[in-house]
Number of protein chains: 2
Amino acid sequence: MDIKTTCLGVLALGEASGYEIRKHFEEGPFSHFAEGAYGSIYPALGRLTQAGLLTCVEHAQDGRPDKKVYSITDAGHHALLDAMHKLPPDDKYKSDFLFILFFTDHQSPEWVAEVIDARIASYREKLERMAECEFAEAGHRGPRLVHGFGVAIYQSALDYLVQNREAFIDAAGRTDLVQAAE
Amino acid sequence: MDIKTTCLGVLALGEASGYEIRKHFEEGPFSHFAEGAYGSIYPALGRLTQAGLLTCVEHAQDGRPDKKVYSITDAGHHALLDAMHKLPPDDKYKSDFLFILFFTDHQSPEWVAEVIDARIASYREKLERMAECEFAEAGHRGPRLVHGFGVAIYQSALDYLVQNREAFIDAAGRTDLVQAAE
DNA sequence: TCGAAATATATCGTTTCGATATATGCACCC
DNA sequence: GGGTGCATATATCGAAACGATATATTTCGA
């Protein structure tokens, strides 16, 4: 989904400012499967409003720019539904973490331990956060089921790292990348 | 990792042409945690060669452009190691599939079934492919362990979808997105 | 009291990508 | 034999996205 569609998705949950939309991508349920930076959010909001898919109300604030609150329109809802009515392509997944681990043989055991332990801690924290924010809302089971999907994935990743931590560390330092290439 | 670093990573495994590097990102072990399109690969190869991190040998071909085969240099290896010696940021994950499922309540049961069944088939195929391409190479356990990580993730995702398929379909069609907004 | 973070609006240069251009060989189907 | 699609090769370019930055006040914690 392009940034306009994901902004529509966020606003389908309720009105929000550009800053708040960014927070949805950083911390909300969307943070596990969508992204958007200020650099693309603000231009997208402008274009969506101009296209009639959003409305915007400005609230004056003291010592700060006016807060612009966006709401999705009926046309916006229809555009969102249209965008979701195509078979989705494969997910896009980029992991510096797995990239580094892929070359475990060429890293020091100390470094591999540090990287893995930091990731284990991060997954544990995410899972705690996800356990705290349960969607109890009746009638909206889609978010809850997707939330469960995310928990399953993080738990599986965490389990694998914990179970294979020693194997990764044991594999480390066995090959000098430069020497191996010669 | 930026495209230059991931190209160095691919070439750390062995020499390759731009076209072959792209294949690594599409089908090889990197396909599960890195991406690169022709639009970024070819410019990156040019810059890396100019920076002395790669060398390039051209092989004449009949009826086709000369094949340019790139190899990593010692300096390239060092640059790669340097890039891997930073704590990796959170992974980046974009999923149109989860985005659509998030709004399951607002989709028809037929559509949700189609989307989930296509994804189940896709995960099964990926797992079959991954089972076929086992890294048996002694001394390079990093790739094998990362491969296992990927298998664990795909298996967990597949299990969750199979187990919750009926719940997703049952949740679908319960809320009219446009009507709910009014 | 002070420093950092949060709250707000944005832009812009850089990076990345998807589509496209060019062209042959091969495989498959009719 | 002809047509179509895919694979194999080199690339570019316009569009999209992002990371860093600018601006400035309020809030919060030490």
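These numbers come from a predicted model, not from an experiment. Worth knowing before you read on, the calculation uses all heavy atoms, side chains too, and leaves out hydrogens, waters and symmetry mates. Labels below follow one simple rule: chain letters A, B, ... track the order of the sequence lines, proteins then strands, and each chain is numbered from 1.
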Would you indicate what [X] reaches in the nucleic acid, counting non-hydrogen atoms under 4.0 angstrom: base, sugar-phosphate, or nothing?
{"X": "B/G39", "answer": "base"}
{"X": "B/D62", "answer": "nothing"}
{"X": "A/K92", "answer": "sugar-phosphate"}

Check your understanding: If you measure from the Lys or Arg side-chain nitrogens to the Asp or Glu carboxylate oxygens, is any gap between A/E20 and A/K67 under 4.0 Å?
Key -> yes
Would you tell me if any nitrogen or oxygen in the side chain of [X] comes within less than 4.0 Å of OP1 or OP2 on [N]?
{"X": "B/S40", "N": "C/dC17", "result": "yes"}
{"X": "B/Y42", "N": "D/dT10", "result": "yes"}
{"X": "B/K94", "N": "D/dA16", "result": "no"}

What is the separation between atom [atom1] on [X] and atom [atom2] on [N], rounded to the nearest whole Å?
{"X": "A/K4", "N": "D/dC18", "atom1": "NZ", "atom2": "P", "value": "13 Å"}
{"X": "A/I21", "N": "C/dT9", "atom1": "CD1", "atom2": "P", "value": "9 Å"}
{"X": "B/Y38", "N": "C/dG18", "atom1": "OH", "atom2": "C1'", "value": "12 Å"}

**Study point:** A/Y93: side chain to side chain donor-acceptor pair (under 3.5 Å) partners, not counting sequence neighbours
**Key:** B/D91
Check your understanding: Is it the case that A/S156 and A/D159 place a side-chain donor and acceptor less than 3.5 Å from each other?
Key -> no
